[in-house]
There are 2 protein chains.
Amino acid sequence: MTLETVSVPAHAPLELEHFLPYRLSILSNTVSQSIADEYQGRFQLSMTEWRVMTILARFPASSATQVVERTRMDKVAVSRAVARLVEAGRVDRGTYDGDKRRSVLQLSEAGWAIHDEVAPLARAHERELLGKLSEDEKAWLEKILDKLLG
Amino acid sequence: MTLETVSVPAHAPLELEHFLPYRLSILSNTVSQSIADEYQGRFQLSMTEWRVMTILARFPASSATQVVERTRMDKVAVSRAVARLVEAGRVDRGTYDGDKRRSVLQLSEAGWAIHDEVAPLARAHERELLGKLSEDEKAWLEKILDKLLG
DNA sequence: ACCTTATAGTTTCACTTGTAACCAATTGCA
DNA sequence: TGCAATTGGTTACAAGTGAAACTATAAGGT
């Protein structure tokens, strides 16, 4: 063994394509974007707005803060999304009796109409994605996500 | 059955917390952000820049286009990340002989130094995440991601 | 009651991002 | 050879984003 062969520490480059956080990021972006592409053009609806709408569909009369908690989105992002939705007549904003700071948000008639068109479309995308997996794999994925999101 | 109980189509709200695209998005953002938080403050390094660096570590002398292909990132994003990296003296940019449009990108000494600090840190995060899973689950996750990304 | 602190939500500002237009070098082919 | 189409990469502009400051209301303690 010669002296030169020793002592140069090898760099150990990350293999992005096998790096879990990276793969998750690619997958997530691809999936969310492909859904968003459908409703953005058709309904002038951003992903943030859509997420707010899904929360208001499930939990009607939520306050903005509750939407933030349930979407894990930024407070400012929610505020702006709500403003645009109200502006567009898709969400009605009221004030909570007993705390005038608090808003009471509801999907309007028009909001529900859009919701009822977009929701099946989103579900179809999910089904398509899950269609790539066997029953076993779907079950494992469920369990794995539960643990990771724990 | 009375007339009223018929014909009002129930809204079927998406349950975000069981909706795969949404869960992937939360997981991915949480994970990537927690890694990024560490190197952003410490090295003034954005996630895009870090991704470019990992590619240049694995495939030295790549062109910008090759980086784009390998990261699946946007062409403009890469261009800007590279510009900042060059500016900061972390990447050396040369020109390809035989096609003067094409760049030849390499980590500089300083770039390697940062790489060698950040890479283990990123790996540690990945290990921590995977630590939540059993051996079985890890194996399934691998396979599932292969299929979904395939 | 008074004053401090906390909470709901919005606005501002600086920065990032994506789309489209762009420039320059290269290729294809009439 | 000459000129349209392609490719590598950057720039410009508009839209989106987050951190911090701000307004208004409410709660808590003295």
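Protein chains get the first letters and strands the later ones, always in sequence-line order, with residue 1 at the start of each.
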inquiry  = Distance check needed: D/dG8 P versus B/Asp74 CG, whole Å only.
reply    = 15 Å
task = Nearest whole angstrom, please: distance from the C1' of D/dA19 to the CD of B/Gln40.
result = 13 Å
query = Is there a donor on the side chain of B/Arg101 or the base of C/dT26 sitting less than 3.5 Å from an acceptor on the other?
reply = no
request  = Write down the distance between CZ (A/Arg72) and P (D/dT17), rounded to a whole number of angstrom.
outcome  = 19 Å
request  = Round to the nearest Å and state the distance from A/Arg51 atom CZ to D/dG16 atom C1'.
outcome  = 15 Å
request  = Taking only the side-chain heavy atoms of B/Val76 (C-beta and beyond), determine which of C/dG18, C/dT26, D/dG18 contains the nearest atom.
outcome  = C/dG18
Shortest side-chain distance from B/Arg93, nucleotide among C/dT17, C/dT10, D/dG9 = D/dG9
request  = Would you please confirm or rule out a distance under 4.0 Å between OP1 or OP2 of C/dT11 and any side-chain N or O of A/Ser79?
outcome  = no
query = If you check every side-chain atom of B/Thr48, which of D/dT25, C/dT17, D/dA12 has the closest atom?
reply = C/dT17
query = Looking at C/dG18, does its base get a donor-acceptor pair with the side chain of B/Arg80 below 3.5 Å?
reply = yes
task = Using side chain to side chain donor-acceptor pair (under 3.5 Å) as the criterion, point out the one residue from A/Gln44, A/Arg80, A/Gln40, A/Arg84 that pairs with A/Glu49.
result = A/Arg84
query = Quick one: is C/dT16 close enough that its OP1 or OP2 comes under 4.0 Å of any side-chain N or O from B/Ser46?
reply = no
ask   = Taking the side chain of B/Thr65 as heavy atoms from C-beta outward, which of D/dG18, C/dG18, D/dG9 is closest to it?
value = D/dG9
query = Given D/dT6, is OP1 or OP2 found less than 4.0 Å from the side-chain N or O atoms of B/Arg102?
reply = no
Interatomic spacing from CG in A/Leu148 to CG in A/Leu141 - rounded to 0.5 Å = 9.5 Å
ask   = Does a side-chain N or O from B/Ser63 land closer than 4.0 Å to OP1 or OP2 of D/dG8, or not?
value = no
ask   = Whole-Å distance between C/dT17 P and B/Met73 CE?
value = 10 Å
task = Take the protein atom CD of A/Gln33 and the nucleotide atom C1' of C/dT19, then report the distance between them rounded to whole Å.
result = 13 Å
query = With sequence neighbours excluded, what pairs up with A/Thr95 under the side-chain contact (heavy atoms from CB on, under 4.5 Å) test?
reply = A/Lys100
ask   = Any salt bridge between A/Glu135 and A/Lys138, counting N to O under 4.0 Å?
value = yes
inquiry  = Looking at B/Asp146 and A/Arg23, is there a salt bridge between them, counting it only when a charged N and a carboxylate O are closer than 4.0 Å?
reply    = yes
key: Separation of C/dT10 P from A/Leu105 CG (nearest whole Å)   = 8 Å
task = Round to a whole Å and report the spacing from CD of A/Gln44 to C1' of D/dA15.
result = 14 Å
remark   = Comparing nearest nucleotides in DNA chain D, the 5'-proximal residue of the pair A/Lys100, A/Arg84 is A/Arg84
